[in-house]
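What you see is a predicted model; the values in this text were computed from it and never measured. Below, each value reflects all heavy atoms present in this structure, side chains not excepted, and no hydrogens, waters or symmetry copies. Chain A is the first sequence line, chain B the second, and so forth, proteins listed ahead of strands; every chain is numbered from 1.
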2 protein chains.
Amino acid sequence: MDKIRNMEEFAAVSGISRPTVSKYFNDPGSVRASTRRKIEDALERFDYRPNVFAMNQNRRLTKNIGIVVPYLADPFFAEIARNLERRCIDAGFSPTLFSSHGQTELETDILETLRSLKPAGVLLAPLGRSSDRRAVEAFCRDVPTVLFDSKIDGVGEAFIGSDNFQSVPMIVDYLCRTGEPPCFFEMQPVNPNANKRREAYIHAMEALGHVPDVIRVDGETWDFEEIGYAGGLNILKTGRLSTNTVLCSNDRLAIGVLAAAYATGAEVGHGEDKTLRIAGHDDHPFARFTCPPLTTVSQDYDAISNRSVETLFRLIGEGRESVAGTEMLFEGKLVMRASA
Amino acid sequence: MDKIRNMEEFAAVSGISRPTVSKYFNDPGSVRASTRRKIEDALERFDYRPNVFAMNQNRRLTKNIGIVVPYLADPFFAEIARNLERRCIDAGFSPTLFSSHGQTELETDILETLRSLKPAGVLLAPLGRSSDRRAVEAFCRDVPTVLFDSKIDGVGEAFIGSDNFQSVPMIVDYLCRTGEPPCFFEMQPVNPNANKRREAYIHAMEALGHVPDVIRVDGETWDFEEIGYAGGLNILKTGRLSTNTVLCSNDRLAIGVLAAAYATGAEVGHGEDKTLRIAGHDDHPFARFTCPPLTTVSQDYDAISNRSVETLFRLIGEGRESVAGTEMLFEGKLVMRASA
DNA sequence: ACCAAAAATTTACGCGCGTAAAATTATGGA
DNA sequence: TCCATAATTTTACGCGCGTAAATTTTTGGT
């Protein structure tokens with residue numbers, strides 16, 4: 001049998017009218033069972049697939065979903081992206097993955113590209129502080145968008161993230177209970193999470209009657225490990241540290257600080273013979289494999305990605321009112337390993 | 001001024017006929033300079049963008065390029081992908097990124113999706129051993145495809161990768177020169193690189209008059225660190241090791257072995273007081289930040305990605321003959337750090 | 001200034017499908 | 001058996017653009 005060239009021909013061989021076939025591809029459940037069987041029979045015999053471009057040209061809304069992360073070379077985002085992708089596919093959508101690679105203009109370009117893809121919805125983890133706020137805002141007005149990981153106030157229909165004001169005090173408590181109160185090691189904040197974590201640290205310390213000590217090191221790129229390493233070397237060599245316990249703003253920084261500690265000969269861990277405790281935040285996929293393994297707070301990847309797609313689907317299906325201003329924060333869990 | 005709805009209207013306000021405008025968007029250089037200026041003037045005043053779907057519907061070939069990597073949670077592939085993306089964009093193409101997430105069916109699905117995107121070309125790093133060979137082969141027959149990183153014999157118009165038969169002997173030589181001859185630590189090979197590296201190791205050892213010792217541990221997933229860790233614990237605890245030097249098939253495995261070494265209290269490095277040397281292969285983005293920093297062989301990311309896109313562009317522009325059977329292997333460089 | 005060739009532009013048509021409205025047929029319950 | 005309702009089909013149109021063919025304009029050499 002020769003190839004099916006278009007829906008017209010496919011409708012012919014399946015004995016169904018073209019508009020009904022069209023309806024089937026739009027939503028297989030919307031046609032009668034007998035009709036569906038006929039179509040699916042023909043589908044097996046002829047392997048026809050509708051032309052994607054023709055399909056989307058006249059649809060008010062496509063089945064496309066955009067997934068945008070700030071930095072894909074971070075396995076954390078790679079994992080989340082995988083999760084999101086799968087769920088979108090399972091729900092019959094076509095996800096497309098974009099990474100801003102830490103660059104403002106790239107993020108803006110991506111949103112522009114995305115707009116022209118007429119997506120049904122977008123899952124956006126913005127760069128944060130270096131996002132072009134106006135551009136993101138305008139985009140979210142036109143396209144149903146769920147923000148995750150990093151919030152921009154007043155932008156997007158909903159936000160899903162983790163509760164820094166729960167997670168940070170938890171690990172601060174732990175560290176204070178088991179040793180010297182921690183200082184807080186951070187870089188220039190790239191997003192609101194960084195700021196919230198610092199604030200949460202300060203509050204937690206004060207609540208426990210300790211004096212907060214925030215150490216900020218230079219660095220504005222997304223090479224967090226490098227920044228942590230350089231900054232770590234700096235504070236370790238200059239004796240800047242007033243405590244033997246360092247709580248890092250995130251795991252990638254902590255990995256850099258660990259490397260710096262190793263370079264300076266510090267013994268990291270919580271044993272008698274150790275001289276330095278280092279903790280992180282996020283439970284990064286590689287945190288289990290550092291030396292020593294990194295004590296940290298886990299973010300609930302699954303919960304965040306599940307809820308994000310759920311919220312987006314609701315937004316797509318039921319409109320803006322159904323999610324209006326949803327803000328869902330998930331709690332972290334303390335992950336005790338050898339480093340602190 | 002109200003919004004431009006289509007190319008017709010835009011052609012009107014720019015004082016040029018629609019087909020000429022179409023030609024401009026297809027290739028700005030193909031219209032007279034005076035015409036181009038008129039269009040670009042109008043472009044600034046009205047910010048119109050052609051409808052992507054309508055554009056691609058009737059084009060024999062779109063400007064789309066597919067980029068497929070086997071596992072995006074590996075920062076190595078994330079880095080390469082970023083590089084490839086950028087170069088495609090700069091050349092006026094629209095790259096779309098896909099990750100097979102280590103799953104055969106997903107890779108096959110991606111190729112199917114890609115086919116319907118009518119891409120001008122595809123940059124494909126296949127899963128390798130677990131790829132559906134028939135599916136990949138059929139795809140490459142229909143779509144101009146450049147394979148990179150991992151080769152499948154007889155598939156694709158060209159292959160760009162790194163020269164394992166240069167890089168592995170180099171690090172074997174180094175290790176033999178500076179200490180005990182290494183054993184070779186590997187998992188079930190997921191792709192041809194793994195096999196080539198083992199072979200290269202065996203040859204190199206024999207050439208130097210040593211007895212090769214290949215240690216293969218269980219594991220078929222893409223969680224290399226975990227496999228390296230579990231396998232590492234195993235061999236370290238059972239005293240399976242006949243040498244104090246372990247050359248790992250890749251850096252991610254090595255990171256796992258490093259963690260296992262730490263867990264068992266081994267002192268890793270090449271000093272007098274050290275008991276174990278560990279080396280890897282690839283110069284993974286995180287290899288600099290392990291404790292101790294990982295001695296390894298760098299893959300030339302830039303060269304591989306540059307050459308891959310160059311080859312693809314030639315393939316697209318000049319046809320299959322122009323690249324026929326190109327196989328380009330880049331040499332690695334020894335990266336000496338503290339671990340070996 | 002003139003003319004043939006090359007380049008640019010216009011004319012004309014159709015791609016493959018979505019979708020609205022109207023007409024027809026199938027369904028299932030009383 | 002009949003009827004209200006849902007499902008399907010028919011009819012008809014157009015989306016926004018690519019592109020071959022026809023036409024016009026520009027170019028450059030004499």
Send over the distance from [X] [atom1] to [N] [atom2], rounded to a whole Å.
X      : N       : atom1 : atom2 : result
M7(B)  : dC17(D) : CE    : C1'   : 6 Å
M55(B) : dG18(D) : CE    : C1'   : 10 Å
N51(A) : dC15(D) : CG    : P     : 19 Å
D27(A) : dA7(D)  : CG    : P     : 12 Å
N56(A) : dC17(D) : CG    : C1'   : 15 Å
F10(B) : dC15(D) : CZ    : C1'   : 19 Å

Considering only NZ, NE, NH1 and NH2 on the basic side and carboxylate oxygens on the acidic side, decide whether R87(B) and E310(B) come within less than 4.0 Å.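 Salt bridge between R87(B) and E310(B), a charged N being under 4.0 Å from a carboxylate O: no.
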
Between R134(B) and E137(B), does any side-chain N to carboxylate O distance fall below 4.0 Å?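 The answer is no: the pair does not qualify as a salt bridge.
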
Considering heavy-atom distances to DNA chain C, does R49(A) or A33(B) have its closest nucleotide positioned more toward the 5' end?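 Residue closer to the 5' terminus by nearest nucleotide: A33(B).
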
Start at the 5' end of DNA chain C and walk down; is the nucleotide closest to G29(B) or to R5(A) reached first?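 Nearer the 5' end of the strand: G29(B).
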
Got a list of protein N/O to nucleotides 19-25 of chain D N/O distances below 3.5 Å?
from	atom 1	to	atom 2	distance (Å)
dA20(D)	OP1	R60(B)	NH2	2.7

Residues T145(B) and E157(B): side-chain donor-acceptor under 3.5 angstrom: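 Not at all, the side chains of T145(B) and E157(B) share no donor-acceptor pair under 3.5 Å.
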
Quiz question: by atom type and distance under 3.5 Å, do the side chains of T20(A) and S17(A) form a donor-acceptor pair?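 A pair is found: one side chain offers a donor N or O, the other an acceptor, under 3.5 Å apart.
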
Which residue in the set T311(A), N306(A), I304(A), L312(A) passes side-chain contact (heavy atoms from CB on, under 4.5 Å) when paired with S308(A)?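 The residue from T311(A), N306(A), I304(A), L312(A) that satisfies side-chain contact (heavy atoms from CB on, under 4.5 Å) with S308(A) turns out to be I304(A).
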
Side-chain N or O of S17(B) closer than 4.0 Å to phosphate OP1/OP2 of dT9(C):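 So the side chain of S17(B) is outside the cut-off, no N or O lying under 4.0 Å from OP1 or OP2 of dT9(C).
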
Would you tell me if any nitrogen or oxygen in the side chain of Y48(B) comes within less than 4.0 Å of OP1 or OP2 on dC17(D)?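 Affirmative; the distance criterion is met.
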
From C-beta outward on V31(A), which listed nucleotide comes closest to its side chain: dT9(D), dC17(D), dT8(D)?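 My answer, after comparing the listed nucleotides, is dT8(D).
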
Give me, pair by pair, the N or O atoms of the protein and of nucleotides 21-23 of chain C that are less than 3.5 Å apart, along with how far apart they are.
none

Does any non-hydrogen side-chain atom of L106(A) lie less than 4.5 Å from one of T108(A)?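 The answer is no, as the side chains (C-beta and beyond) never meet within the 4.5 Å cut-off.
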
Going by the angle between their ring planes, with limits at 30° and 60°, are F10(A) and Y48(A) parallel, tilted or perpendicular?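 Parallel.
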
Side chain of Q57(A), base of dG16(C): donor and acceptor closer than 3.5 Å?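 For Q57(A), whose side chain was compared with the base of dG16(C), there is a donor-acceptor pair (under 3.5 Å).
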
Taking S30(B) for its side chain and N26(B) for its backbone only, find out whether a donor-acceptor pair lies under 3.5 Å.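 Flag not set: sc S30(B) to bb N26(B) has no pair under 3.5 Å.
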
Do any of residues 34-43 of chain B sit with a heavy atom less than 4.0 Å from DNA chain C, and if so which?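 The stretch gives T35(B) as the residues lying under 4.0 Å from the strand, ordered by number.
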
For E85(A) and R82(A): C-alpha separation, side-chain torsions, deciding distance, then whether salt bridge (Lys or Arg N to Asp or Glu O under 4.0 Å) applies. CA-CA 5 Å; E85(A) 260 187 345; R82(A) 178 173 67 150; over 6 Å; no

Intermediate values then yes/no, side-chain hydrogen bond (donor to acceptor under 3.5 Å, both in side chains), N6(A) and R18(A): CA-CA 10 Å; N6(A) 53 36; R18(A) 188 185 64 74; over 6 Å; no

Taking the ring centre of each residue, are Y71(B) and F76(B) less than 6.0 Å apart?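 No, the ring centres sit 6.0 Å or more apart.
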
